[in-house]
Amino acid sequence: MTSLPDLAAVEAMDAADPLRSFRSRFALPEGVIYLDGNSLGAASHDVFSELQQAATEEWGNGLIRSWNSAGWFHLPLELGDRIGRLIGAAPGQTVVTDSTSINIYKALHAALAMRPGRSAIVAEGDSFPTDLYMAEGVASTRPGVTLRLEGRDADNILDLIDDQVAVVLVNHVNYKSAELRDMAALTQRIHEAGALVIWDLCHSAGALPVDLDGANADFAVGCTYKYLNGGPGSPAFIYAAHRHHSSITQPLSGWWGHARPFAFEQNFAGGEGIKRFLCGTQPILSLRALKGVLGIWDEVDMSVLRRKSIALTDLFIQLVEAKCGQYGVLLETTRDSERRGSQVSFTHSNSYEVMQALIERGVIGDFRAPATLRFGFTPLYVGYSDVLQAAEVLEDILRSGSWKEARFAVRSTVT
């Protein structure tokens, strides 16, 4: 049996970590091990200075002039191309705008319009709920369109795809189990059936290398407040392959998506390319916060980040199973690192209470109903020593039974 790494071993791993210098660039509270970057990434010091500049100088002194002098108007496209590098998208195919939910709505409508003879949307039954809600909403606006779900209408998503399917909405990494889909292989199968695909990258952008162009993807959406660390509610992004740009139509035809937004014409004329997915006036302060952290991402080698992600999650699985398995903790995430995102999920009969006890002890993960303990590993600021300490705290909580204290059973609105 392989012996467990001790403190000296994990400290040596931290010392050899090529990403270790990034940790100091994030504002992490003292005494906190933050394993919830897959819900909300930590703030970087660069974001604070970017916000200060944008608010006090550009807004405070520049006023409306800053739309031009500070480049505000072009931020959605500028930041879109910078995110594009992280998701394998050539320039001109990605724009930062709106929320993930709104972008799903736009992308689904665009895909349905491009397949007028087809009437079915396919999605995963265990998808993050907003994907399903938006798919339902789109179907409700288009007579005859139906929604087929993997896990409800068939066990395998491929069994749902036939000549009636217009578009498949699928997560690259499952939000709960961390299961990683083979993007290239599934995209090819979808295209062979004559359908289009929309990839949800919320739990993979900034967590692992993505190659949208290489996989021949059609569309993709994702958020920037998780692994990308753009801040709470920071704008999402949407990708469309160059080959589709002339065919894009979507119903949220706001003035920012107009070909001539300052001509103030009565009728809508869509802008060129990816600009067609823009809608209304963009949240500049949030975009500037995202711009601040993207300066860090410009320096990151995604292959190096992925290697550390796998090492962190492998170590956590090894430690938790050895230390906590006897207390009813069961691995929910796959052991196969090639099929796993940058998070690990375990189940326990009292997962909610256990997570609240962990948070009180300074180990912040999250709970997902009905029984999932979920831990996200952001390689830019999570170290190997953090992983060891988190596993030891979890072991202590389970061994002592401290999670049984009544206050940990009180449900909050956000968990």
Run the salt bridge (charged side-chain N to carboxylate O under 4.0 Å, His left out) check on R82 and D298 step by step: do they pass? CA-CA 8 Å; R82 291 173 73 176; D298 289 343; 2.6 Å; yes
Student check: side-chain heavy atoms of M183 and L201 closer than 4.5 Å: yes
Given 3.5 Å as the limit, does a donor-acceptor pair link the side chain of R276 with the main chain of I248, or not? yes
Within a radius of less than 6.0 Å around CH2 of W59, do more than 12 heavy atoms belonging to other residues, nucleotides or ligands occur? no
Donor-acceptor contact below 3.5 Å, side chain N171 vs main chain N174: no
For R288 and A54, indicate whether the former's side chain and the latter's backbone hold a donor-acceptor pair under 3.5 Å. no
Checking side-chain polar atoms at under 3.5 Å, does S303 have a donor or acceptor matched by the opposite partner on D301? yes
Are the side chains of F408 and L358 in contact, using a 4.5 Å heavy-atom criterion? no
Could you give the distance from CG (D131) to CG (D200), rounded to the nearest 0.5 Å? 4.5 Å
Determine yes or no for a side-chain-to-main-chain donor-acceptor pair under 3.5 angstrom, with T313 supplying the side chain and I310 the backbone. yes
Is the closest basic N to carboxylate O distance between D396 and R361 below 4.0 Å? yes
Side-chain donor-acceptor pair present, D213, Q93, cut-off under 3.5 Å: yes
Kindly check if the number of other-residue, nucleotide or ligand heavy atoms within 6.0 Å of CG (D155) is above 12? no
For the residue pair F375 and F346, categorise the inter-ring angle as parallel (less than 30°), tilted (30 to 60°) or perpendicular (more than 60°). perpendicular
So, using ring-ring contact (aromatic ring centres under 6.0 Å, His included) as the criterion, who are the partners of F268 when residues are at least two apart? H258
With a 4.5 Å heavy-atom cut-off, do N38 and S342 have their side chains touching? no
Would you check if I83 and W297 make a side-chain contact, meaning some heavy-atom pair closer than 4.5 Å? no
Would a distance-only check, ignoring hydrogens and angles, find a side-chain to backbone donor-acceptor pair under 3.5 Å from Y381 to A42? yes
Within this structure, what is the CG-OG1 distance for the pair L228 and T378, rounded to the nearest 0.5 Å? 10.0 Å
Should D366 and R374 count as an ion pair when the cut-off is N to O under 4.0 Å? yes
Between S351 and T372, do the side chains contain an N or O donor and an N or O acceptor separated by less than 3.5 Å? no
Do any N or O atoms from the side chain of Q282 and from the backbone of I284 form a donor-acceptor pair under 3.5 angstrom? no
With distance as the sole test, does T146 use its side chain to make a donor-acceptor pair with the main-chain N or O of A120 at under 3.5 Å? no
Check against side-chain contact (heavy atoms from CB on, under 4.5 Å), V167 and V122: CA-CA 6 Å; V167 57; V122 170; over 6 Å; no
For F262 and W255, what are the C-alpha separation, side-chain angles and deciding distance, and is it a side-chain contact (heavy atoms from CB on, under 4.5 Å)? CA-CA 9 Å; F262 292 100; W255 79 288; 3.7 Å; yes
Just by distance, no angles: are the side chains of W72 and E58 close enough, under 3.5 Å, to form a donor-acceptor pair? yes
Close side-chain approach of L132 and L149, heavy atoms under 4.5 Å: yes
Strictly by modelled atom types, are E360 and Q356 linked by a side-chain donor-acceptor pair under 3.5 Å? no
More than 12 heavy atoms of other groups within 6.0 Å of R335 CZ: no
How far apart are the C-alpha atoms of S49 and D46, what are their side-chain angles, what is the distance that settles it, and do they pass the side chain to side chain donor-acceptor pair (under 3.5 Å) test? CA-CA 5 Å; S49 59; D46 293 346; 4.9 Å; no
Report yes if some heavy atom in the side chain of V363 is under 4.5 Å from a heavy atom in the side chain of L35; otherwise report no. yes
Intermediate values then yes/no, side-chain contact (heavy atoms from CB on, under 4.5 Å), L112 and I121: CA-CA 8 Å; L112 285 164; I121 299 169; 4.1 Å; yes
Would you say the side chain of P5 lies within less than 4.5 Å of the side chain of Q318, judging by non-hydrogen atoms? yes
Would the number of heavy atoms belonging to other residues, nucleotides or ligands and lying under 6.0 Å from CD of Q389 be above 12? no
Indicate, with yes or no, if the rings of W256 and F73 have centres closer together than 6.0 Å. yes
Give the minimum heavy-atom separation between L305 and P379, together with the two atoms involved. O-CG, 3.7 Å
Below 4.0 angstrom, N of the basic side chain to O of the carboxylate: do K176 and D126 qualify? no
Under a 3.5 Å distance rule, please check whether H245 uses its side chain to pair with a backbone N or O of A240 as donor and acceptor. yes
Looking only at side chains, do W199 and S204 share a donor and an acceptor under 3.5 Å apart? no
Working to the nearest 0.5 angstrom, can you tell me the gap between L212 CG and H172 NE2? 8.5 Å
Between R115 and D218, does any side-chain N to carboxylate O distance fall below 4.0 Å? no
Residue E272 excluded, over 12 heavy atoms near CD under 6.0 Å: no
E299/R25 ion pair, N-O < 4.0 Å: yes
Should T347 and V329 be marked as a side-chain contact (heavy atoms from CB on, under 4.5 Å) after you check the CA-CA gap, both sets of side-chain angles, and the distance that decides it? CA-CA 6 Å; T347 60; V329 173; over 6 Å; no
Would you please indicate yes or no on a ring centroid separation below 6.0 angstrom for Y227 and H203? no
Do the non-hydrogen side-chain atoms of I296 and L380 ever get within less than 4.5 Å of each other? yes
Does a donor on one side chain sit under 3.5 Å from an acceptor on the other, for N103 and T100? no
How far does OG of S44 sit from CG of N229, to the nearest 0.5 angstrom? 7.0 Å
How long is the span from the CG atom in D98 to the CG atom in L278, to the nearest 0.5 Å? 7.5 Å
Checking Y327 side chain against H348 main chain: does a donor-acceptor pair fall under 3.5 Å? no
In terms of side-chain heavy atoms, does S177 have a donor or acceptor partner in R340 at a distance below 3.5 Å? no
Result for salt bridge (charged side-chain N to carboxylate O under 4.0 Å, His left out) between R23 and one of D386, D17, D14 points to D386
I'd like to know if K404 and E353 make a salt bridge, using a cut-off of under 4.0 Å between side-chain N and carboxylate O. no
Any chance you could measure C324, atom SG, to R399, atom CZ, to the nearest 0.5 Å? 9.0 Å
is_close_aromatic(Y239, F219), centroid dist under 6.0 Å: no
Compute both the distance and the angle, then confirm whether R411 meets the cation-pi test with F367: under 6.0 Å from the six-membered ring centre, within 45 degrees of the axis. yes
salt_bridge(R181, E124) N-O dist < 4.0 Å: yes
Can you tell me if E150 uses its side chain to pair, donor with acceptor, with the backbone of I157 under 3.5 Å? yes
Do T333 and Q343 pair up side chain to side chain, a donor and an acceptor below 3.5 Å, judged on atom types alone? no
